[in-house]
There are 2 protein chains.
Amino acid sequence: MNEQDKLLKARDRFIDSMAKNMSLYGITHSVGRLYGLLYFSEKPMTLDEMKDELGMSKTSMSTAVRQLQELNMVEKVWKKGERKDLYQAADDWYESFSALFTTSWRTGISLNISTINKSLKELHALLENPETSDEVKASAELDIEKYQYALDYYDWLNRFVDSLESKEIFNHIPKKE
Amino acid sequence: MNEQDKLLKARDRFIDSMAKNMSLYGITHSVGRLYGLLYFSEKPMTLDEMKDELGMSKTSMSTAVRQLQELNMVEKVWKKGERKDLYQAADDWYESFSALFTTSWRTGISLNISTINKSLKELHALLENPETSDEVKASAELDIEKYQYALDYYDWLNRFVDSLESKEIFNHIPKKE
DNA sequence: TAATTTGTACAGTTAAAACTTTACGAACAA
DNA sequence: TTGTTCGTAAAGTTTTAACTGTACAAATTA
(Lines give C-alpha, C1' and ligand atoms only; values in the text may rest on other atoms or scores of the structure.)
Protein backbone atom coordinates (compact mmCIF):
# COMPACT_ATOMS: atom_id res chain seq x y z
CA MET A 1 0.00 0.00 0.00
CA ASN A 2 1.47 3.37 -0.97
CA GLU A 3 1.47 6.49 1.16
CA GLN A 4 -1.48 8.11 -0.60
CA ASP A 5 -3.57 5.01 0.03
CA LYS A 6 -2.68 5.07 3.69
CA LEU A 7 -4.00 8.59 3.94
CA LEU A 8 -7.22 7.66 2.17
CA LYS A 9 -7.67 4.58 4.29
CA ALA A 10 -7.29 6.65 7.45
CA ARG A 11 -9.94 9.02 6.13
CA ASP A 12 -12.33 6.22 5.30
CA ARG A 13 -11.95 4.71 8.73
CA PHE A 14 -12.86 7.96 10.39
CA ILE A 15 -15.65 8.79 7.95
CA ASP A 16 -17.23 5.45 8.62
CA SER A 17 -16.97 5.93 12.37
CA MET A 18 -18.43 9.40 12.10
CA ALA A 19 -21.28 8.19 9.87
CA LYS A 20 -22.16 5.50 12.39
CA ASN A 21 -22.26 8.13 15.10
CA MET A 22 -24.56 10.34 13.04
CA SER A 23 -27.17 7.63 12.83
CA LEU A 24 -27.91 8.53 16.46
CA TYR A 25 -29.14 11.89 15.23
CA GLY A 26 -31.31 10.34 12.56
CA ILE A 27 -28.80 10.74 9.75
CA THR A 28 -28.44 7.71 7.51
CA HIS A 29 -25.08 6.00 7.25
CA SER A 30 -24.91 6.81 3.53
CA VAL A 31 -25.72 10.45 4.10
CA GLY A 32 -23.14 10.55 6.85
CA ARG A 33 -20.53 9.12 4.53
CA LEU A 34 -21.32 11.77 1.98
CA TYR A 35 -20.82 14.44 4.60
CA GLY A 36 -17.49 12.90 5.50
CA LEU A 37 -16.42 12.87 1.87
CA LEU A 38 -17.24 16.56 1.53
CA TYR A 39 -15.58 17.37 4.84
CA PHE A 40 -12.25 16.03 3.66
CA SER A 41 -12.55 17.23 0.09
CA GLU A 42 -10.19 20.10 -0.59
CA LYS A 43 -12.60 21.66 -3.03
CA PRO A 44 -16.36 21.71 -3.56
CA MET A 45 -17.76 18.68 -5.35
CA THR A 46 -20.34 18.03 -8.04
CA LEU A 47 -23.04 15.37 -7.83
CA ASP A 48 -21.21 13.32 -10.44
CA GLU A 49 -17.97 13.39 -8.48
CA MET A 50 -19.84 12.30 -5.36
CA LYS A 51 -21.57 9.41 -7.07
CA ASP A 52 -18.26 8.20 -8.56
CA GLU A 53 -16.53 8.47 -5.21
CA LEU A 54 -19.25 6.66 -3.23
CA GLY A 55 -20.37 4.30 -5.96
CA MET A 56 -24.00 5.30 -5.63
CA SER A 57 -26.63 6.69 -7.96
CA LYS A 58 -26.75 10.35 -8.86
CA THR A 59 -30.32 10.54 -7.61
CA SER A 60 -29.21 9.41 -4.18
CA MET A 61 -26.53 12.06 -4.14
CA SER A 62 -29.08 14.67 -5.06
CA THR A 63 -31.43 13.76 -2.23
CA ALA A 64 -28.62 13.23 0.27
CA VAL A 65 -27.11 16.61 -0.48
CA ARG A 66 -30.49 18.25 -0.09
CA GLN A 67 -30.96 16.60 3.27
CA LEU A 68 -27.58 17.86 4.42
CA GLN A 69 -28.42 21.32 3.16
CA GLU A 70 -31.62 21.36 5.17
CA LEU A 71 -29.59 20.49 8.25
CA ASN A 72 -27.16 23.30 7.42
CA MET A 73 -24.36 20.79 7.15
CA VAL A 74 -23.64 21.41 3.48
CA GLU A 75 -23.84 24.53 1.38
CA LYS A 76 -24.05 25.24 -2.30
CA VAL A 77 -21.15 27.10 -3.82
CA TRP A 78 -21.08 29.26 -6.93
CA LYS A 79 -18.21 29.18 -9.33
CA LYS A 80 -18.13 31.11 -12.57
CA GLY A 81 -18.07 29.06 -15.73
CA GLU A 82 -19.23 25.95 -13.90
CA ARG A 83 -22.54 24.54 -15.09
CA LYS A 84 -22.80 21.88 -12.43
CA ASP A 85 -23.90 22.58 -8.89
CA LEU A 86 -21.06 22.58 -6.40
CA TYR A 87 -21.35 21.65 -2.74
CA GLN A 88 -19.05 21.89 0.23
CA ALA A 89 -19.27 20.83 3.86
CA ALA A 90 -20.21 23.48 6.40
CA ASP A 91 -17.14 23.75 8.55
CA ASP A 92 -18.69 24.82 11.85
CA TRP A 93 -19.75 21.65 13.63
CA TYR A 94 -21.00 23.51 16.69
CA GLU A 95 -23.29 25.51 14.47
CA SER A 96 -24.50 22.33 12.78
CA PHE A 97 -25.10 20.72 16.13
CA SER A 98 -27.26 23.64 17.24
CA ALA A 99 -29.13 23.81 13.96
CA LEU A 100 -29.82 20.10 13.94
CA PHE A 101 -31.57 20.09 17.29
CA THR A 102 -33.13 23.49 16.97
CA THR A 103 -34.89 22.75 13.71
CA SER A 104 -35.97 19.22 14.47
CA TRP A 105 -37.12 19.79 18.03
CA ARG A 106 -38.95 23.09 17.90
CA THR A 107 -41.82 21.81 15.81
CA GLY A 108 -42.34 18.73 17.92
CA ILE A 109 -42.31 20.69 21.16
CA SER A 110 -44.88 23.24 20.02
CA LEU A 111 -47.07 20.49 18.65
CA ASN A 112 -46.96 18.65 21.96
CA ILE A 113 -47.68 21.80 23.91
CA SER A 114 -50.77 22.63 21.90
CA THR A 115 -52.00 19.07 22.15
CA ILE A 116 -51.64 19.23 25.91
CA ASN A 117 -53.46 22.53 26.10
CA LYS A 118 -56.31 21.13 24.07
CA SER A 119 -56.57 18.10 26.35
CA LEU A 120 -56.32 20.22 29.48
CA LYS A 121 -59.15 22.39 28.28
CA GLU A 122 -61.36 19.37 27.75
CA LEU A 123 -60.54 17.96 31.16
CA HIS A 124 -61.39 21.21 32.87
CA ALA A 125 -64.71 21.29 31.05
CA LEU A 126 -65.24 17.75 32.22
CA LEU A 127 -64.57 18.72 35.82
CA GLU A 128 -67.09 21.54 35.66
CA ASN A 129 -69.76 19.35 34.17
CA PRO A 130 -72.20 18.33 36.95
CA GLU A 131 -73.02 15.11 35.11
CA THR A 132 -69.48 13.82 35.43
CA SER A 133 -69.17 11.00 37.95
CA ASP A 134 -66.85 11.41 40.92
CA GLU A 135 -64.77 8.52 39.69
CA VAL A 136 -64.07 10.15 36.34
CA LYS A 137 -63.41 13.44 38.08
CA ALA A 138 -60.77 11.80 40.21
CA SER A 139 -59.09 10.39 37.09
CA ALA A 140 -59.27 13.79 35.46
CA GLU A 141 -57.51 15.38 38.40
CA LEU A 142 -54.70 12.87 38.12
CA ASP A 143 -54.40 13.38 34.38
CA ILE A 144 -54.29 17.13 34.76
CA GLU A 145 -51.30 16.77 37.04
CA LYS A 146 -49.53 14.67 34.45
CA TYR A 147 -50.29 17.09 31.65
CA GLN A 148 -49.00 19.89 33.83
CA TYR A 149 -45.79 18.02 34.48
CA ALA A 150 -45.34 17.46 30.75
CA LEU A 151 -46.03 21.12 30.09
CA ASP A 152 -43.29 22.13 32.52
CA TYR A 153 -40.93 19.69 30.90
CA TYR A 154 -41.57 21.00 27.38
CA ASP A 155 -41.06 24.50 28.67
CA TRP A 156 -37.68 23.45 29.98
CA LEU A 157 -36.88 21.75 26.67
CA ASN A 158 -37.77 24.94 24.86
CA ARG A 159 -35.40 26.91 27.04
CA PHE A 160 -32.77 24.28 26.43
CA VAL A 161 -33.16 24.76 22.70
CA ASP A 162 -33.10 28.53 23.19
CA SER A 163 -29.75 28.13 24.81
CA LEU A 164 -28.46 26.19 21.83
CA GLU A 165 -29.92 28.56 19.30
CA SER A 166 -28.60 31.69 20.96
CA LYS A 167 -25.18 30.07 21.46
CA GLU A 168 -25.50 30.85 25.16
CA ILE A 169 -24.72 27.21 25.81
CA PHE A 170 -21.12 27.99 24.90
CA ASN A 171 -20.85 30.29 27.89
CA HIS A 172 -21.59 27.35 30.14
CA ILE A 173 -19.75 24.75 28.13
CA PRO A 174 -16.94 26.59 26.37
CA LYS A 175 -15.64 25.36 23.05
CA LYS A 176 -11.99 25.08 24.05
CA GLU A 177 -10.84 23.82 27.37
CA MET B 1 -69.50 9.94 23.89
CA ASN B 2 -69.51 9.63 27.66
CA GLU B 3 -67.24 11.49 30.03
CA GLN B 4 -64.88 8.59 30.58
CA ASP B 5 -64.35 8.27 26.83
CA LYS B 6 -63.57 11.96 26.57
CA LEU B 7 -60.82 11.54 29.10
CA LEU B 8 -59.38 8.56 27.27
CA LYS B 9 -59.58 10.32 23.95
CA ALA B 10 -57.68 13.29 25.36
CA ARG B 11 -55.01 10.89 26.62
CA ASP B 12 -54.72 9.14 23.29
CA ARG B 13 -54.33 12.39 21.47
CA PHE B 14 -51.47 13.44 23.68
CA ILE B 15 -49.85 10.02 23.72
CA ASP B 16 -49.83 9.97 19.96
CA SER B 17 -48.32 13.43 19.80
CA MET B 18 -45.67 12.49 22.35
CA ALA B 19 -44.86 9.26 20.53
CA LYS B 20 -44.37 11.15 17.28
CA ASN B 21 -42.01 13.50 19.07
CA MET B 22 -40.01 10.62 20.48
CA SER B 23 -39.24 9.31 17.04
CA LEU B 24 -36.79 12.21 16.85
CA TYR B 25 -34.80 10.51 19.58
CA GLY B 26 -34.83 7.18 17.81
CA ILE B 27 -37.77 5.78 19.72
CA THR B 28 -40.34 3.98 17.59
CA HIS B 29 -43.88 5.26 17.50
CA SER B 30 -45.14 1.99 18.98
CA VAL B 31 -42.63 2.09 21.78
CA GLY B 32 -43.53 5.69 22.42
CA ARG B 33 -47.20 4.77 22.66
CA LEU B 34 -46.38 2.09 25.17
CA TYR B 35 -44.52 4.61 27.27
CA GLY B 36 -47.52 6.92 27.11
CA LEU B 37 -49.83 4.14 28.19
CA LEU B 38 -47.66 3.41 31.20
CA TYR B 39 -47.29 7.10 31.99
CA PHE B 40 -51.01 7.53 32.39
CA SER B 41 -51.65 4.19 34.00
CA GLU B 42 -52.52 4.56 37.66
CA LYS B 43 -50.86 1.29 38.51
CA PRO B 44 -48.05 -0.86 37.12
CA MET B 45 -49.03 -3.03 34.16
CA THR B 46 -48.33 -6.57 33.01
CA LEU B 47 -47.30 -7.52 29.50
CA ASP B 48 -50.73 -9.02 28.90
CA GLU B 49 -52.49 -5.84 29.92
CA MET B 50 -50.25 -3.85 27.61
CA LYS B 51 -50.87 -6.09 24.64
CA ASP B 52 -54.64 -5.95 25.21
CA GLU B 53 -54.55 -2.20 25.54
CA LEU B 54 -52.42 -1.59 22.45
CA GLY B 55 -53.66 -4.50 20.37
CA MET B 56 -50.21 -5.83 19.70
CA SER B 57 -48.40 -9.09 20.31
CA LYS B 58 -47.02 -9.98 23.70
CA THR B 59 -43.57 -10.44 22.21
CA SER B 60 -43.61 -6.88 20.96
CA MET B 61 -44.55 -5.69 24.43
CA SER B 62 -41.68 -7.66 25.86
CA THR B 63 -39.09 -6.16 23.56
CA ALA B 64 -40.58 -2.67 23.78
CA VAL B 65 -40.55 -2.73 27.55
CA ARG B 66 -36.96 -3.90 27.56
CA GLN B 67 -35.98 -1.05 25.26
CA LEU B 68 -37.65 1.44 27.57
CA GLN B 69 -35.94 -0.13 30.54
CA GLU B 70 -32.55 0.27 28.89
CA LEU B 71 -33.34 3.93 28.38
CA ASN B 72 -34.35 4.21 32.04
CA MET B 73 -37.82 5.26 31.00
CA VAL B 74 -39.56 2.29 32.53
CA GLU B 75 -38.87 0.24 35.63
CA LYS B 76 -39.82 -3.17 36.85
CA VAL B 77 -41.92 -3.28 39.99
CA TRP B 78 -42.21 -6.08 42.52
CA LYS B 79 -45.47 -6.98 44.09
CA LYS B 80 -45.92 -9.91 46.44
CA GLY B 81 -48.15 -12.68 45.22
CA GLU B 82 -47.95 -11.47 41.62
CA ARG B 83 -46.40 -13.95 39.22
CA LYS B 84 -46.37 -11.66 36.23
CA ASP B 85 -43.78 -8.97 35.73
CA LEU B 86 -45.04 -5.50 36.47
CA TYR B 87 -43.79 -2.32 34.84
CA GLN B 88 -44.33 1.35 35.44
CA ALA B 89 -43.17 4.53 33.74
CA ALA B 90 -40.22 6.35 35.25
CA ASP B 91 -41.70 9.63 36.38
CA ASP B 92 -38.65 11.89 36.08
CA TRP B 93 -38.53 13.07 32.47
CA TYR B 94 -35.45 15.22 33.04
CA GLU B 95 -33.64 12.17 34.31
CA SER B 96 -34.80 10.19 31.28
CA PHE B 97 -33.68 12.96 28.96
CA SER B 98 -30.20 12.93 30.48
CA ALA B 99 -29.97 9.18 30.48
CA LEU B 100 -31.10 8.91 26.90
CA PHE B 101 -28.34 11.11 25.55
CA THR B 102 -25.71 10.07 28.00
CA THR B 103 -25.98 6.38 27.23
CA SER B 104 -26.41 6.65 23.50
CA TRP B 105 -23.76 9.32 22.89
CA ARG B 106 -20.92 8.30 25.14
CA THR B 107 -20.06 5.16 23.23
CA GLY B 108 -20.14 6.87 19.87
CA ILE B 109 -17.98 9.74 21.02
CA SER B 110 -15.27 7.51 22.49
CA LEU B 111 -15.31 5.36 19.40
CA ASN B 112 -14.84 8.38 17.19
CA ILE B 113 -12.07 9.74 19.35
CA SER B 114 -10.09 6.54 19.24
CA THR B 115 -10.58 6.28 15.50
CA ILE B 116 -9.24 9.78 15.09
CA ASN B 117 -6.25 9.06 17.29
CA LYS B 118 -5.45 5.99 15.27
CA SER B 119 -5.63 7.94 12.03
CA LEU B 120 -3.60 10.82 13.45
CA LYS B 121 -0.89 8.42 14.49
CA GLU B 122 -0.69 7.01 10.99
CA LEU B 123 -0.55 10.43 9.43
CA HIS B 124 2.28 11.52 11.69
CA ALA B 125 4.20 8.39 10.78
CA LEU B 126 3.54 9.25 7.17
CA LEU B 127 4.95 12.74 7.63
CA GLU B 128 8.12 11.39 9.18
CA ASN B 129 8.64 8.88 6.43
CA PRO B 130 11.29 10.26 4.02
CA GLU B 131 9.76 8.32 1.15
CA THR B 132 6.49 10.24 1.34
CA SER B 133 6.06 12.68 -1.51
CA ASP B 134 5.62 16.37 -0.77
CA GLU B 135 2.19 16.28 -2.32
CA VAL B 136 0.97 13.59 0.03
CA LYS B 137 2.61 15.38 2.93
CA ALA B 138 0.66 18.50 2.12
CA SER B 139 -2.59 16.51 2.11
CA ALA B 140 -1.63 14.92 5.39
CA GLU B 141 -1.10 18.32 6.97
CA LEU B 142 -4.57 19.37 5.89
CA ASP B 143 -6.14 16.18 7.17
CA ILE B 144 -4.40 16.49 10.51
CA GLU B 145 -6.02 19.89 10.98
CA LYS B 146 -9.42 18.42 10.25
CA TYR B 147 -8.91 15.54 12.66
CA GLN B 148 -7.80 18.03 15.28
CA TYR B 149 -10.93 20.08 14.75
CA ALA B 150 -13.05 16.96 15.12
CA LEU B 151 -11.17 16.00 18.25
CA ASP B 152 -11.89 19.40 19.81
CA TYR B 153 -15.54 19.05 18.88
CA TYR B 154 -15.87 15.62 20.43
CA ASP B 155 -14.20 16.92 23.54
CA TRP B 156 -16.83 19.63 23.72
CA LEU B 157 -19.55 17.09 23.14
CA ASN B 158 -18.18 15.00 25.97
CA ARG B 159 -18.29 17.97 28.30
CA PHE B 160 -21.80 18.67 27.11
CA VAL B 161 -22.81 15.14 28.06
CA ASP B 162 -20.97 15.54 31.38
CA SER B 163 -23.14 18.51 32.09
CA LEU B 164 -26.26 16.46 31.43
CA GLU B 165 -25.07 13.51 33.43
CA SER B 166 -24.02 15.51 36.47
CA LYS B 167 -27.26 17.53 36.32
CA GLU B 168 -25.17 20.67 36.18
CA ILE B 169 -27.14 21.67 33.12
CA PHE B 170 -30.03 22.45 35.46
CA ASN B 171 -28.01 25.20 37.09
CA HIS B 172 -27.82 26.92 33.73
CA ILE B 173 -31.26 26.00 32.54
CA PRO B 174 -33.40 25.64 35.65
CA LYS B 175 -36.31 23.26 35.70
CA LYS B 176 -38.93 25.77 36.79
CA GLU B 177 -39.08 29.30 35.53
C1' DT C 1 -33.87 26.02 -34.14
C1' DA C 2 -32.28 21.32 -32.41
C1' DA C 3 -28.98 18.77 -29.52
C1' DT C 4 -26.78 18.33 -24.89
C1' DT C 5 -26.35 18.52 -20.21
C1' DT C 6 -27.95 18.83 -15.44
C1' DG C 7 -30.86 18.04 -11.46
C1' DT C 8 -34.74 15.82 -9.74
C1' DA C 9 -39.61 13.64 -9.84
C1' DC C 10 -41.55 9.32 -10.17
C1' DA C 11 -42.03 4.42 -10.32
C1' DG C 12 -39.96 0.24 -9.29
C1' DT C 13 -36.72 -2.61 -6.67
C1' DT C 14 -33.99 -4.00 -2.95
C1' DA C 15 -32.67 -3.88 1.83
C1' DA C 16 -33.89 -3.13 6.65
C1' DA C 17 -36.82 -2.70 10.43
C1' DA C 18 -41.00 -3.71 12.86
C1' DC C 19 -44.09 -6.91 14.16
C1' DT C 20 -46.34 -11.73 14.68
C1' DT C 21 -46.53 -16.61 15.27
C1' DT C 22 -44.62 -20.57 17.00
C1' DA C 23 -41.89 -22.91 20.20
C1' DC C 24 -39.55 -23.69 24.34
C1' DG C 25 -37.05 -23.19 28.93
C1' DA C 26 -37.79 -21.61 33.56
C1' DA C 27 -40.67 -20.92 37.41
C1' DC C 28 -44.49 -22.20 39.84
C1' DA C 29 -48.79 -25.14 41.06
C1' DA C 30 -51.10 -29.24 41.83
C1' DT D 1 -44.09 -35.94 39.30
C1' DT D 2 -47.05 -33.62 35.64
C1' DG D 3 -49.47 -29.67 34.09
C1' DT D 4 -49.72 -24.52 33.74
C1' DT D 5 -48.20 -20.07 33.15
C1' DC D 6 -44.95 -16.59 31.89
C1' DG D 7 -41.35 -14.29 29.24
C1' DT D 8 -38.58 -14.40 25.38
C1' DA D 9 -35.71 -16.61 21.46
C1' DA D 10 -36.05 -17.77 16.76
C1' DA D 11 -38.11 -17.95 12.35
C1' DG D 12 -41.30 -16.06 9.34
C1' DT D 13 -44.17 -12.22 7.61
C1' DT D 14 -45.40 -7.60 6.73
C1' DT D 15 -44.38 -2.88 6.54
C1' DT D 16 -41.30 0.88 5.84
C1' DA D 17 -37.26 3.10 4.31
C1' DA D 18 -33.34 3.37 1.24
C1' DC D 19 -31.71 3.19 -3.13
C1' DT D 20 -31.73 2.73 -8.38
C1' DG D 21 -33.11 3.47 -13.18
C1' DT D 22 -35.92 5.86 -16.24
C1' DA D 23 -37.92 9.94 -17.82
C1' DC D 24 -38.40 14.65 -18.24
C1' DA D 25 -38.28 19.85 -17.53
C1' DA D 26 -35.10 23.63 -17.36
C1' DA D 27 -31.00 25.56 -18.68
C1' DT D 28 -27.15 25.71 -21.92
C1' DT D 29 -24.81 25.17 -26.20
C1' DA D 30 -24.32 24.86 -31.09
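Residue numbers start from 1 in every chain, and the chains themselves are labelled A, B, ... in the order their sequence lines are given, proteins ahead of strands.
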Inset, instruction - I would like to know whether B:Arg106 and B:Asp162 meet salt bridge (charged side-chain N to carboxylate O under 4.0 Å, His left out); could you show each step before the answer? - result: CA-CA 10 Å; B:Arg106 285 283 193 214; B:Asp162 285 345; 2.6 Å; yes
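Here A:Glu49 does not pair with A:Lys43 in a salt bridge; the nearest charged N to carboxylate O distance is not below 4.0 Å. A:Asp143 has no carboxylate O lying under 4.0 Å from a charged side-chain N of A:Lys146, or vice versa, which leaves the two without a salt bridge.
In this structure, B:Met50 places its CE atom 13 Å from C1' of D:dC6, rounding to the nearest Å. Atom CH2 of B:Trp78 and atom C1' of D:dC6 are 12 Å apart (whole Å). One atom, NZ of A:Lys51, and another, C1' of D:dC19, lie 15 Å apart when rounded to the nearest Å. Rounded to whole angstrom, the span from the NZ atom of B:Lys80 across to the C1' atom of C:dC28 amounts to 19 Å. A straight line from CD of B:Gln67 to C1' of C:dA17 spans 11 Å, rounded to a whole angstrom. In this entry the distance linking CD1 of A:Ile27 with P of D:dA18 reads 12 Å, nearest Å. Taking atom CE of B:Met56 as the reference point, atom P of D:dT15 lies 13 Å away to the nearest angstrom.
In terms of heavy atoms, B:Gly32 sits closest to B:Ile27 at N-CG2, 3.9 Å.
Proximity of the aromatic rings of A:Tyr153 and A:Tyr149 is defined here by a centroid distance below 6.0 angstrom, and this criterion is not met. Aromatic ring centres of B:Phe160 and B:Trp156: separated by under 6.0 Å. Side-chain rings of B:Trp105 and B:Tyr154 stay apart, their centers remaining 6.0 Å or farther from each other.
A donor-acceptor pair shorter than 3.5 Å can be found between the side chains of B:Thr132 and A:Glu3.
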Inset, instruction - Let me have a per-nucleotide readout for nucleotides 4-16 of chain C, 5' to 3', with B, S or -, counting only protein heavy atoms under 4.0 Å. - result: -BSBSBB------
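B:Ser119 places no side-chain N or O within donor-acceptor distance of the main-chain N or O of B:Ile116, the cut-off being under 3.5 Å.
Contact annotation: A:Ser57 side-chain N/O to D:dG21 OP1/OP2 distance is not under 4.0 Å.
In the helix from C:dT1-D:dA30 to C:dA30-D:dT1, the terminal helix axes, each the rotation mapping four pairs' C1' atoms onto the next four within five end pairs, subtend 0°, rounded to 10°.
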